[in-house]
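Here the structure is a predicted model, which means the values were calculated and not measured. Letters A, B, ... mirror the listed sequences (proteins, then strands); counts begin at 1.
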Number of protein chains: 2
Amino acid sequence: MAKSNKRTSIADLAQELGLSVSTISRALNNAFDVSEATKAQVWALAEKLNYQPNSLAAALRRGRSNMLGVIVPHINGAFFPAVVHGIEEVASQAGFSVLICQSTEDVAREKKHVEALLKAQVDGILVSMSNTTQDFAHFERVRSQGTPLVFFDRMPDFPQACGVVANDYRGAYQVMEHLIAQGCRRIAHLAGPQTVNTTLDRFRAYQDALLAHGLPYDPSLVVPLANSGVEAGGAAMQQLLQLPSRPDAVFSAYDFPAGGAMQVLEERGFRVPEDIALAGFSNEPFTTMVKPRLTSVDQRGKQMGEAAVQLFLQLVKRSEVFTGQRIVLKPQLVVRESSLHKQKEPVLPR
Amino acid sequence: MAKSNKRTSIADLAQELGLSVSTISRALNNAFDVSEATKAQVWALAEKLNYQPNSLAAALRRGRSNMLGVIVPHINGAFFPAVVHGIEEVASQAGFSVLICQSTEDVAREKKHVEALLKAQVDGILVSMSNTTQDFAHFERVRSQGTPLVFFDRMPDFPQACGVVANDYRGAYQVMEHLIAQGCRRIAHLAGPQTVNTTLDRFRAYQDALLAHGLPYDPSLVVPLANSGVEAGGAAMQQLLQLPSRPDAVFSAYDFPAGGAMQVLEERGFRVPEDIALAGFSNEPFTTMVKPRLTSVDQRGKQMGEAAVQLFLQLVKRSEVFTGQRIVLKPQLVVRESSLHKQKEPVLPR
DNA sequence: TTGAAAGCGCTAACAG
DNA sequence: CTGTTAGCGCTTTCAA
């Protein structure tokens, strides 16, 4: 018995059983029009021969791969992993495999990933843009290929684009209202990249909230973050502390930099929140472990992922590529000690 | 001009240019034996028609997909994302696309993912086992299909298995030696699942180090963690604090539970490290943000990912499936204030 | 330097 | 209920 080193295929099963390949195929796919007896036979032999269907061949023939491409900027922190988790949950339930790629905030990589996914014949692409993405030609190409494209969290603002985002503006606005309600008057902002809707909205909300409450907008209180890491926040905080008139609160566009800022404040002997209140964005798990615990905004990552897949499923069902549909999730402000003046001893105005 | 809604294929290019499909194929693959002029023509038309190669078809024909499957237990925390990053770096450089799957610590999902990857004809599978994996039949199947299989971080201990791990034993032993050197005598352990080499080794090192230093092994000081999250650590710490004779140090098998323990200690008015010293494992970014900063062990995630792919590349080159080869990375103890008695004021023995 | 032809493994009409 | 047939889009001998 010459045991060839090739994988066993549908033809091998057919041969062995004296049936045609089509019958085997139907049996394996559990079609209506094949006898239970035959099915049983086929299943048994498949098991015995350790048959492994070749989904590439099936996809080629079918024209559908049942694969879903996902491009995220990165999987650091808790947010994107949560989204990915939500995506996998719903996608796998709908029979799709998920291909995850990281752009590492690099358009070039993002483009490459789009190409690769298209070449791999994915049935759809879910993407959260890198913050260096200014040119959208590669997305346009996806659309022109007829492949459904759904954005999440970070999306371009052209109207055909469809996707699911959190209401970052609202979340940030709530942070600001809270800080102002706590009595903060000189609120600084550690700003994320202004190239992408999310952090841009957080900044806009910062500005608008100041305006709405009759507080002056002082550009020197807005420090751009080099990245979303801890050190960037520390550096930004140092810069703020050198200002002739220091802020009494800092709203950071991300949690990790807020953590870095907290460290710097601690080192310099400032009290949080008495001297300077602090708030971040994302509700990372670590926010409950620092002292004081960090006020933040929950972005509903998992829900976002689930919604994105559902949107995709709608698109394929209707065989549409774009609908311009946009789902907006409501973020949740989570107030903790880093911004709560009331629970600490009152402090004299400085 | 009937613009069909099908994607443009190699045949379309051939038709348009009056060339054969084989020439087109060769031109696109930049083969030696096709004239520069023809290549240029083909490239130009491909560009113009927005031609997107179908890598499924190519893979089917070639018998290689140039895809690499990766199964991780989860992508929470910083460790697995770092590994994935390392994997992607090296894999993409070698021309492989990477398919990431999460088992979410569930064997059933792990099995499903293995199946799916095999069906997708990946050229190899890199896997870090779920902590519920007791039966290895699904891995055996991978091998029997002739698909290279490389483990990382968490791997079964049968000798043919090949993979790359950190020396968790050594890392944990170093933690223990450090704690003992700091004067700790009743050291507790928050234990991870004893089903998997990594946390098992951390526990063994804990025991062995006690023994080696003439300290008694007290089972009541070993508390199993429900999971690797913050709350689990808090719960475990509560349990330890109810002991008639409290520990003077806690070595947690993960960082997040150590963070949870720190919170509980803080709430209960214990000082870290004076009353109870604390150490974790993984060197998560948050370890530098808590107060006191948390002593931990760096697992070299990125390096591990890189090494895993290199191992895989070796396997395919030699067309072997298993070599039993095992790369062991040296972890690094990172001492911080949570376990440093010397840098704080001396405390009377209790 | 190019073309013709075969076929990777599977599915899906269309017949029987 | 089962078989025949014709590809999906690409690569790759083998000839010319």
Heavy-atom nearest nucleotide on DNA chain C taken for A:Thr8 and for A:Arg26; more 5' hit belongs to A:Thr8
Answer yes or no: does a side-chain N or O of B:Thr38 lie under 4.0 Å from OP1 or OP2 of C:dT2? yes
Quick check: any donor-acceptor pair below 3.5 Å linking the side-chain of B:Ser22 to the base of C:dA4? yes
Rounded to the Å, how far apart are A:Asn29 CG and C:dT11 C1'? 8 Å
Short N-O contact, A:Lys111 and A:Glu115, less than 4.0 angstrom: no
What is the separation between atom CZ on A:Phe32 and atom C1' on C:dA12, rounded to the nearest whole Å? 15 Å
Taking atom C1' of C:dG9 as reference, at what distance in whole Å does atom CZ of B:Arg64 sit? 18 Å
Select base, sugar-phosphate, or nothing to describe what B:Ser25 touches, counting heavy atoms under 4.0 Å on all strands. base
For A:Ile10 and C:dG7, give me the distance from atom CD1 to atom P, rounded to whole Å. 18 Å
Measure from the side-chain N and O atoms of A:Glu105 to the backbone N and O of A:Asn131, and report whether any donor-acceptor pair falls under 3.5 Å. yes
Would you tell me whether A:Gln102 and A:Arg109 have side-chain atoms, one donor and one acceptor, within less than 3.5 Å of each other? no
Touch class at under 4.0 angstrom, heavy-atom based, for B:Leu19 against every strand present: sugar-phosphate
Value in whole Å for how far the P atom of D:dC10 lies from CZ of B:Arg7: 11 Å
Between A:Arg61 and B:Gln52, which residue's closest nucleotide on DNA chain D lies nearer the 5′ terminus? A:Arg61
Any A:Asn54 side-chain nitrogen or oxygen under 4.0 Å from OP1 or OP2 of C:dC8: no
What is the distance from CD of A:Gln15 to C1' of D:dG3, rounded to the nearest Å? 15 Å
Presence of B:Tyr51 side-chain N/O under 4.0 Å of D:dG9 phosphate oxygens OP1/OP2: no
Find the distance B:Gln41:CD to C:dT2:C1' and express it as a whole number of Å. 13 Å
Toward the 5' end of DNA chain C, which comes first, B:Arg62 or B:Ser20, by nearest nucleotide? B:Ser20
Indicate whether the side chain of B:Arg154 and that of B:Asn197 have a donor and an acceptor atom separated by less than 3.5 Å. no
Between the side chains of B:Gln134 and B:Thr195, is a donor N or O closer than 3.5 angstrom to an acceptor N or O? no
Taken to the nearest whole Å, NZ/A:Lys39 to C1'/D:dT2 is 14 Å
